[in-house]
Amino acid sequence: MTIKQYKGSAGGWGALASTTRHLVKSENVTRNIRNLLKTNQDHGFDCPGCAWGESEEPGRFRFCENGAKAVNWEATSRRVTPEFFAQYPVGWLQQQSDYFLEYQGRLSHPVRYNAQTDHYEAISWDDAFALIADHLNTLESPDQAEFYTSGRASNEAAFLYQLFARAYGTNNFPDCSNMCHEASGVALKQSIGVGKGTVRIEDFDQADAIFVFGQNPGTNHPRMLDTLRKAARRGAAIVTMNPLKERGLERFTNPQSPAEMLTGGATRISSHYFTPKLGGDMAVVRGMVKSLLETDKTEMLAGRPSIFDQDFIQAHTTGMTQYLTEVEQTDWSAIVEQSGLSQDDIEYAANLYRQSERVIITWAMGLTQHKHSVNTIQEITNLQLLFGQFGKPGAGVCPVRGHSNVQGDRTMGINEKPAPAFNQAIEATFGFSPPTQHGHNTVHAIKAMLAGESKVFIGLGGNFASATPDTRLTQQALSNCNLTVNIATKLNRTHLITGKDSLILPCLGRTDIDLQKNGPQSVTVEDSFSMVHASGGVVESDTGEMRSEPAIIAGIAQATLGKQPVDWLKLTEDYDRIRELIADVIPGFSDMNQKLKQPGGFYLGNSAAERIWHTDSRKAEFKTHPLPEHLLAANLRQLSEDPVFVLQTVRSHDQYNTTIYGFEDRYRGISGERKVLMMNPADIEALGLNVGDRVDVTSLAADGIERQVKGFKLIGYDIPAGNLAAYFPETNPLVALDSKGDLSDTPISKAIPVILKASQIHDERIDLASY
Ligand SMILES: Nc1nc2c(c(=O)[nH]1)N[C@H]1C(S)=C(S)[C@@H](COP(=O)(O)OP(=O)(O)OC[C@H]3O[C@@H](n4cnc5c(=O)[nH]c(N)nc54)[C@H](O)[C@@H]3O)O[C@H]1N2
Ligand SMILES: Nc1nc2c(c(=O)[nH]1)N[C@H]1C(S)=C(S)[C@@H](COP(=O)(O)OP(=O)(O)OC[C@H]3O[C@@H](n4cnc5c(=O)[nH]c(N)nc54)[C@H](O)[C@@H]3O)O[C@H]1N2
Ligand SMILES: [Mo]
């Protein structure tokens, strides 16, 4: 492996070279180039890479390096066939790396696990559906089944899926969102009455300042860099809060700008870059508000107007006095200690904020995967409310979603806690009473399967065994099941953690042409800006026995429920029919088929952006919370005499969640290996260790269970003292199931308390050539 500081900008020739490498490796070069040109264009497919939106500028390529990887690897010509499964026992496949599994290609046939031989074997679609129906129909209660969704599922698939599960009788909808932006949804719903971002992509052209908290767009939302670059070039302040110096947030060379590519030029992205401690953001914002409050008082004393937007506050909000009292009572010492930033730095950031008329605040997993995530996001919302940064151009809050349709899946009803109005709409449209009792989220589902209460697991995409916390317990939970079913494009670890009975059902992906009785079908997705648009596959390929997600769900539903409450198979002959039902049930979707004909799709609207507040008080609510007493609970600190570090788990540049495309984390300069631990050099020295040593990492949890991963190589890295970073999913075994965010239940994967010990494991060679 090599570690070498990356000196270039993000993007540029490196991105282009990598795009080409992945094109070639996917073994389908010309077809894939054709695919890429249709990414995110009207009449093309929606890029499965992320949920960033599209600007209306015509004639641009609408893909990025990492979107290209996702597209290429989905469109590979390699196939995982029944012969493949006949060759490799499941026990052997379990020993292989995630990279190996991904590289085998697309799943081509439905297969069923044979426990006697430890092999998966071909099964017909009808037999597979009958087997699922048989299991479901013999459970004592529908609440013994879990219906997991990963955020790539289209609106049409998600709508059918939730309708089926509800008609069957349960609200058990664990989904990837529980591990992702759940805290954003919970926090914003309480504060401003809608759990989604309030800005549109055009707003970025008008913002005077953009504050970017806890995200790494250079890797995870590369098209966002294009938006930020434009803003930076017209002089908007871009203020980043991130404990790591992520290169994409420092400098960016746009691979689609000939001038920058030829001259080696780059645009500075962040005008100001602050590196708070992990989990320190609530204290940062508290400090900013404290500083602004002091300025406000000085101004008022001097007889000048308040710096806050008093008209907005009067007309639209409640709870400010209580909040500001709490701010006054928070000591600077606590703020400085917890944020890891100096008072000067925080006052400086506050001043940048104040000088800007229109401010957007964006964030991703760096804010949502903590214990106090909901409180942190509400603190950000409070700041924006003080200055009336809602319902005007160039201003608002922007949780940047991950999976390309994770926001749409929620809109479609993938929600374990459906609102009464939603249930009423289902009843009015379909004539049955859906269950009203709340169902399981991801953590609840794992616990129910562990306890043997839930017996059937169905996964609509995703990689449940690897993406969830506490890997050992989660795997145990899945193997306890009577039946596991995975609807998937690619082989992954979840498929290899079999229940007593197990099925893998191969589905079409976004890039594939989806041919049904009435012709080729398109599906729809919703991006981070509440834009809904159509996505149609473009390339004919050898899809063998694969079926579309809607067709698979309809097959399962018809086998389980017959034609109740709808003729499932008929619906999937033409997806317009599914959309007609969506239009009847989901607000904002009336005339959906018609509206989709507009280029770019249609906007769902956002009540908070219109200054309409669907909260209990019918106002936007300032939410008052004390800062956490300590970022690391004292009871955990006491569990060890050794120095306790706080570990965050991040994505490398060469992965899509649990899918590993390669071993190149280009912008962090880490190459050839993933079992690494980024650590402050002074911390390494203080432990008497050296850069390059391997350590075993043990997490601390109140339940006393030992959780450990072994043989991680130490890398000296520019990271705040006391903080560590390593890759997900290798470190998921360290996250205790009960370690979850307040009110969100999101596993705390950005603040794992750990201790380190020198490892007995020495260098393992990863032989990339053998793949
Ligand atoms: N290529 C690619 N694209 C993706 C994905 C992928 O895996 N690969 N995944 C998709 C999905 S599902 C999602 S949710 C998004 C994820 O997008 P990100 O949220 O960008 O993903 P992470 O790698 O988890 O990065 C977290 C970032 O937050 C910072 N951070 C961590 N903790 C803190 C903190 O306490 N405070 C602050 N201020 N910063 C912190 C980290 O240093 C890091 O820069 O990307 C989506 N897009
Ligand atoms: N420690 C730690 N854990 C985390 C995170 C973290 O930052 N740190 N991030 C969390 C986040 S933000 C998320 S969103 C989750 C992600 O959790 P998941 O969504 O469950 O995981 P993915 O890795 O995105 O799922 C990849 C699999 O989806 C299948 N797939 C791909 N495309 C399609 C398709 O079009 N249809 C179907 N049916 N299947 C498809 C393929 O089989 C592939 O192997 O992980 C979470 N886990
Ligand atoms: Mo995510």
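All ligand and atom numbering here is 1-based and tracks the order in the structure.
- With a 4.0 Å heavy-atom cut-off, ligand 2 is reached by the side chain of C507 but not by its N, CA, C or O.
- Contacts between R510 and ligand 2 below 4.0 angstrom, taking non-hydrogen atoms only, are absent altogether.
- The nearest protein atom to atom 28 (O) of ligand 2, hydrogens excluded, is given as G462 N, 3.1 Å; this is a heavy-atom distance.
- Distances shorter than 4.0 angstrom occur between a heavy atom of H370 and an atom of ligand 1.
- Between I487 and ligand 2, an N or O atom pair is found at a separation short of 3.5 Å.
- Of all the heavy atoms of N732, the ones lying under 4.0 Å from any atom of ligand 2 belong exclusively to the side chain.
- Residue G366 has at least one nitrogen or oxygen atom sitting less than 3.5 Å from a nitrogen or oxygen atom of ligand 1, judged on distance alone.
- Taking 4.0 Å as the cut-off between side-chain N and carboxylate O, R152 and D409 do not count as a salt-bridged pair.
- Residues R401 and E526 are not paired through a salt bridge, judged by the lack of any N-O separation under 4.0 Å between the basic side chain and the carboxylate.
- The distance criterion of under 3.5 Å between nitrogen or oxygen atoms is not met by H403 with respect to ligand 1.
- Looking at atom 20 (O) of ligand 1, its nearest protein heavy atom turns out to be N216 N, 2.8 Å.
- In H221, the part holding a heavy atom less than 4.0 Å from any atom of ligand 1 is the side chain.
- The ligand atoms of ligand 2 that sit less than 4.0 angstrom from a heavy atom of K490 are 41 (C), 42 (O), 44 (O).
- Contacts between A488 and ligand 2, counted as non-hydrogen atom pairs separated by less than 4.0 Å, involve both the backbone and the side chain.
- Looking at K750, M365, R651 and measuring to atom 9 (N) of ligand 2, the nearest heavy atom belongs to R651.
- Polar contact with ligand 2: absent for E102 (N/O pair, distance under 3.5 Å).
- Where the criterion is an N or O separation shorter than 3.5 Å, residue side chain and backbone included, M241 meets it with respect to ligand 1.
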